[in-house]
Amino acid sequence: KYSIWRQDQVPRVLTGIGDTLLELERPADAADAYLRALEHRQNVLESLQKKNAESLELLQCRRKLVEANILIVEALLACPHDQDVITSESHALLVQGGHVVEYAKAYYDRARDELQEVVVLLGQLAAKKINVGDEREDVCYAATMVMGAGTTLAALDEQQQDGEEPVKKKAKP
(Lines give C-alpha, C1' and ligand atoms only; values in the text may rest on other atoms or scores of the structure.)
Protein backbone atom coordinates (compact mmCIF):
# COMPACT_ATOMS: atom_id res chain seq x y z
CA LYS A 1 0.00 0.00 0.00
CA TYR A 2 2.68 2.51 1.00
CA SER A 3 5.05 1.35 -1.73
CA ILE A 4 2.62 2.48 -4.42
CA TRP A 5 2.10 5.81 -2.66
CA ARG A 6 5.87 6.29 -2.36
CA GLN A 7 6.40 5.54 -6.07
CA ASP A 8 4.26 8.54 -6.96
CA GLN A 9 5.20 10.91 -4.17
CA VAL A 10 9.02 10.74 -4.29
CA PRO A 11 9.32 12.00 -7.89
CA ARG A 12 6.57 14.54 -7.25
CA VAL A 13 8.48 15.97 -4.28
CA LEU A 14 11.76 15.96 -6.23
CA THR A 15 10.06 17.84 -9.05
CA GLY A 16 8.75 20.41 -6.57
CA ILE A 17 12.25 20.82 -5.16
CA GLY A 18 13.59 21.26 -8.69
CA ASP A 19 10.96 23.91 -9.42
CA THR A 20 11.92 25.78 -6.25
CA LEU A 21 15.64 25.58 -7.04
CA LEU A 22 15.01 26.86 -10.56
CA GLU A 23 13.04 29.78 -9.13
CA LEU A 24 15.98 30.48 -6.79
CA GLU A 25 18.19 30.64 -9.91
CA ARG A 26 20.06 27.45 -9.07
CA PRO A 27 19.53 25.61 -12.37
CA ALA A 28 22.29 23.03 -11.81
CA ASP A 29 20.67 21.94 -8.55
CA ALA A 30 17.27 21.95 -10.22
CA ALA A 31 18.58 19.74 -13.02
CA ASP A 32 19.94 17.34 -10.40
CA ALA A 33 16.56 17.14 -8.66
CA TYR A 34 14.77 16.60 -11.98
CA LEU A 35 17.27 13.88 -12.95
CA ARG A 36 16.53 12.07 -9.70
CA ALA A 37 12.79 12.39 -10.32
CA LEU A 38 13.27 11.03 -13.85
CA GLU A 39 14.99 7.94 -12.48
CA HIS A 40 12.02 7.21 -10.22
CA ARG A 41 9.58 7.77 -13.10
CA GLN A 42 11.53 5.33 -15.29
CA ASN A 43 11.43 2.68 -12.56
CA VAL A 44 7.66 3.01 -12.33
CA LEU A 45 7.38 2.69 -16.12
CA GLU A 46 9.44 -0.50 -16.09
CA SER A 47 7.21 -2.04 -13.43
CA LEU A 48 4.07 -1.05 -15.33
CA GLN A 49 5.41 -2.43 -18.60
CA LYS A 50 5.94 -5.81 -16.96
CA LYS A 51 2.18 -5.94 -16.48
CA ASN A 52 1.77 -5.51 -20.27
CA ALA A 53 -1.50 -3.66 -19.91
CA GLU A 54 -2.66 -0.57 -21.71
CA SER A 55 -4.06 1.47 -18.88
CA LEU A 56 -4.70 4.99 -17.73
CA GLU A 57 -1.94 4.47 -15.16
CA LEU A 58 0.56 3.66 -17.93
CA LEU A 59 -0.56 6.72 -19.90
CA GLN A 60 -0.04 8.96 -16.88
CA CYS A 61 3.36 7.45 -16.19
CA ARG A 62 4.53 8.00 -19.76
CA ARG A 63 3.25 11.58 -19.76
CA LYS A 64 5.10 12.29 -16.52
CA LEU A 65 8.26 10.94 -18.15
CA VAL A 66 7.82 13.45 -20.96
CA GLU A 67 7.43 16.25 -18.44
CA ALA A 68 10.46 15.14 -16.40
CA ASN A 69 12.66 15.11 -19.50
CA ILE A 70 11.51 18.57 -20.54
CA LEU A 71 12.10 19.96 -17.05
CA ILE A 72 15.68 18.71 -17.32
CA VAL A 73 16.01 20.43 -20.70
CA GLU A 74 14.73 23.71 -19.29
CA ALA A 75 17.05 23.53 -16.26
CA LEU A 76 20.08 22.75 -18.42
CA LEU A 77 19.30 25.58 -20.81
CA ALA A 78 19.08 27.96 -17.84
CA CYS A 79 22.73 27.11 -17.03
CA PRO A 80 25.64 28.92 -18.70
CA HIS A 81 26.33 26.86 -21.83
CA ASP A 82 30.09 27.28 -21.74
CA GLN A 83 30.62 26.38 -18.07
CA ASP A 84 30.49 23.08 -16.18
CA VAL A 85 27.12 22.31 -14.64
CA ILE A 86 28.00 21.57 -11.02
CA THR A 87 25.60 21.20 -8.10
CA SER A 88 26.19 23.70 -5.32
CA GLU A 89 25.89 21.36 -2.33
CA SER A 90 27.57 18.11 -3.41
CA HIS A 91 29.72 19.70 -6.14
CA ALA A 92 28.73 16.89 -8.49
CA LEU A 93 29.57 17.51 -12.12
CA LEU A 94 26.42 16.97 -14.17
CA VAL A 95 27.61 18.24 -17.56
CA GLN A 96 30.94 19.54 -18.77
CA GLY A 97 31.07 23.05 -20.14
CA GLY A 98 30.45 23.28 -23.85
CA HIS A 99 28.24 20.18 -23.84
CA VAL A 100 25.21 21.64 -22.06
CA VAL A 101 23.15 22.18 -25.20
CA GLU A 102 24.05 18.68 -26.48
CA TYR A 103 22.76 17.13 -23.27
CA ALA A 104 19.64 19.29 -23.40
CA LYS A 105 19.01 18.10 -26.97
CA ALA A 106 19.39 14.47 -25.88
CA TYR A 107 16.77 14.89 -23.16
CA TYR A 108 14.56 16.76 -25.61
CA ASP A 109 14.81 13.85 -28.05
CA ARG A 110 13.85 11.45 -25.27
CA ALA A 111 10.85 13.60 -24.38
CA ARG A 112 9.76 13.83 -28.01
CA ASP A 113 10.05 10.06 -28.51
CA GLU A 114 8.16 9.39 -25.30
CA LEU A 115 5.46 11.87 -26.34
CA GLN A 116 4.91 9.81 -29.49
CA GLU A 117 4.38 6.75 -27.31
CA VAL A 118 1.93 8.73 -25.17
CA VAL A 119 -0.11 9.78 -28.19
CA VAL A 120 -0.23 6.21 -29.52
CA LEU A 121 -1.31 4.90 -26.12
CA LEU A 122 -3.94 7.62 -25.83
CA GLY A 123 -5.35 6.50 -29.18
CA GLN A 124 -5.34 2.84 -28.11
CA LEU A 125 -7.21 3.67 -24.92
CA ALA A 126 -9.73 5.76 -26.86
CA ALA A 127 -10.24 2.87 -29.30
CA LYS A 128 -11.03 0.61 -26.35
CA LYS A 129 -13.43 3.27 -25.06
CA ILE A 130 -11.50 3.64 -21.82
CA ASN A 131 -12.31 6.95 -20.15
CA VAL A 132 -9.11 8.96 -19.81
CA GLY A 133 -10.76 11.89 -18.04
CA ASP A 134 -8.60 14.99 -17.84
CA GLU A 135 -5.50 13.12 -18.95
CA ARG A 136 -6.07 14.26 -22.53
CA GLU A 137 -5.58 17.88 -21.43
CA ASP A 138 -2.46 16.90 -19.50
CA VAL A 139 -1.06 15.24 -22.62
CA CYS A 140 -1.74 18.43 -24.59
CA TYR A 141 0.09 20.42 -21.92
CA ALA A 142 3.06 18.02 -22.12
CA ALA A 143 3.06 18.42 -25.91
CA THR A 144 3.15 22.19 -25.45
CA MET A 145 6.15 21.83 -23.12
CA VAL A 146 7.94 19.73 -25.74
CA MET A 147 7.13 22.27 -28.43
CA GLY A 148 8.46 25.13 -26.28
CA ALA A 149 11.72 23.32 -25.58
CA GLY A 150 12.07 22.47 -29.26
CA THR A 151 11.58 26.10 -30.22
CA THR A 152 14.25 27.20 -27.75
CA LEU A 153 16.71 24.59 -29.02
CA ALA A 154 15.99 25.56 -32.64
CA ALA A 155 16.67 29.21 -31.79
CA LEU A 156 19.97 28.21 -30.17
CA ASP A 157 20.92 26.23 -33.28
CA GLU A 158 20.06 29.19 -35.48
CA GLN A 159 22.13 31.57 -33.33
CA GLN A 160 25.06 29.15 -33.43
CA GLN A 161 24.86 28.88 -37.22
CA ASP A 162 24.76 32.66 -37.52
CA GLY A 163 27.79 32.88 -35.26
CA GLU A 164 25.92 34.86 -32.63
CA GLU A 165 26.45 34.47 -28.91
CA PRO A 166 23.51 32.46 -27.51
CA VAL A 167 21.21 34.40 -25.21
CA LYS A 168 20.65 32.61 -21.91
CA LYS A 169 16.94 32.59 -21.12
CA LYS A 170 15.51 32.01 -17.71
CA ALA A 171 13.50 28.80 -17.72
CA LYS A 172 9.84 29.12 -16.93
CA PRO A 173 8.47 26.81 -14.24
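Residue indices begin at 1 and follow the sequence shown. Note that the structure is a prediction, hence the values are computed from the model and not measured.
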Colleague: Once salt bridge (Lys or Arg N to Asp or Glu O under 4.0 Å) is applied, what residue pairs with a partner in residues 136-157 remain, sequence neighbours excluded?
Modeller: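 Applying salt bridge (Lys or Arg N to Asp or Glu O under 4.0 Å) to every pair that reaches into residues 136-157, excluding sequence neighbours, yields Arg63-Asp138, Lys105-Asp157.
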Colleague: Test side chain to side chain contact (heavy atoms under 4.5 Å, CB included) on Tyr108 and Ile70; report intermediate values, then the result.
Modeller: CA-CA 6 Å; Tyr108 168 76; Ile70 291 301; 4.2 Å; yes
Colleague: Please name all residues satisfying side-chain hydrogen bond (donor to acceptor under 3.5 Å, both in side chains) with Asn43, sequence neighbours left out, ordered by chain then number.
Modeller: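 By the side-chain hydrogen bond (donor to acceptor under 3.5 Å, both in side chains) rule, Asn43 matches no residue at all.
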Colleague: Is the number of heavy atoms from other residues, nucleotides or ligands under 6.0 Å of Gln96 CD greater than 12?
Modeller: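 Open.
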Colleague: Which residues satisfy the side chain to side chain contact (heavy atoms under 4.5 Å, CB included) test with Ala126, sequence neighbours excluded?
Modeller: none
Colleague: Step by step, would you call Asp19 with Tyr34 a side chain to side chain donor-acceptor pair (under 3.5 Å)?
Modeller: CA-CA 9 Å; Asp19 293 346; Tyr34 293 143; 2.5 Å; yes
Colleague: Does Val95 have any side chain to side chain contact (heavy atoms under 4.5 Å, CB included) partners at least two apart in sequence or in another chain, and if so, which?
Modeller: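 Result, side chain to side chain contact (heavy atoms under 4.5 Å, CB included) vs Val95: Leu76, Val85, His99, Val100, Tyr103.
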Colleague: Below 3.5 Å, can you tabulate the donor-acceptor pairs from side chains in residues 111-123 to any protein atom, sequence neighbours excluded?
Modeller:
from: Arg112; atom 1: NH1; to: Asp109; atom 2: OD1; distance (Å): 3.3
from: Glu114; atom 1: OE1; to: Arg62; atom 2: NH1; distance (Å): 3.3
from: Glu114; atom 1: OE2; to: Arg62; atom 2: NH1; distance (Å): 2.3

Colleague: Looking at Glu57, I'd like to know if its CD atom is crowded, meaning that more than 12 non-hydrogen atoms belonging to other residues, nucleotides or ligands lie closer than 6.0 Å.
Modeller: no
Colleague: For the side chain of Asp84 and the backbone of Gly97, is there at least one donor-acceptor N/O pair under 3.5 Å apart?
Modeller: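 Yes, Asp84 side chain to Gly97 backbone: donor-acceptor pair under 3.5 Å.
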Colleague: Considering residues at least two apart in sequence or located in another chain, which fulfil the side chain to side chain contact (heavy atoms under 4.5 Å, CB included) criterion with Lys129?
Modeller: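 Per chain and number, Lys129 pairs via side chain to side chain contact (heavy atoms under 4.5 Å, CB included) with no residue.
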Colleague: Cys61 and Arg41: which non-hydrogen atoms are nearest, and at how many Å?
Modeller: SG-O, 3.8 Å
Colleague: Run the side-chain hydrogen bond (donor to acceptor under 3.5 Å, both in side chains) test against Thr15 and tell me which residues pass, sequence neighbours left out.
Modeller: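 So Thr15 forms no side-chain hydrogen bond (donor to acceptor under 3.5 Å, both in side chains) with any residue.
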Colleague: Which residues pass the side-chain hydrogen bond (donor to acceptor under 3.5 Å, both in side chains) test with Ser88, not counting sequence neighbours?
Modeller: Arg26, Asp29
Colleague: Any chain of hydrophobic side-chain contacts (each under 4.5 Å) joining Ile86 to Leu35?
Modeller: no
Colleague: Give me the atom names and distance for the closest heavy-atom approach of Leu94 to Ala28.
Modeller: CD1-O, 3.3 Å
Colleague: Test of understanding: clusters of I, L, V, M, F, W, Y form through side-chain heavy atoms closer than 4.5 Å, transitively. Do Leu56 and Leu45 belong to the same one?
Modeller: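 Linked, Leu56 and Leu45 end up in one cluster.
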Colleague: Hey, any chance Leu14 and Val66 share a hydrophobic cluster, counting ILVMFWY side chains that come within less than 4.5 Å of each other, even indirectly?
Modeller: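 Each belongs to a different hydrophobic cluster.
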Colleague: Find out if a path of hydrophobic residues (ILVMFWY) with successive side-chain heavy-atom gaps under 4.5 Å connects Val132 to Leu48.
Modeller: yes
Colleague: According to side chain to side chain contact (heavy atoms under 4.5 Å, CB included), who are the partners of Thr151, at least two apart in sequence or on a separate chain?
Modeller: Met147
Colleague: Output, in order, the C-alpha distance, side-chain angles, deciding distance and verdict of side chain to side chain contact (heavy atoms under 4.5 Å, CB included) for Leu71 and Leu22.
Modeller: CA-CA 10 Å; Leu71 290 172; Leu22 201 56; over 6 Å; no
Colleague: Any link between Leu93 and Ile72 through a network of hydrophobic side chains (Ile, Leu, Val, Met, Phe, Trp, Tyr) touching at under 4.5 Å?
Modeller: no
Colleague: Show which residues join Ile17 in its hydrophobic cluster (side-chain heavy-atom contacts under 4.5 Å, direct or indirect), or state none.
Modeller: Val13, Leu21
Colleague: Give me the other members of the hydrophobic cluster that Leu24 sits in, counting Ile, Leu, Val, Met, Phe, Trp and Tyr linked by side-chain heavy atoms under 4.5 Å, directly or via other members.
Modeller: none
Colleague: Going by the rule side-chain hydrogen bond (donor to acceptor under 3.5 Å, both in side chains), which residues pair with Gln9 if we only count those two or more places apart in sequence or in a different chain?
Modeller: Arg12
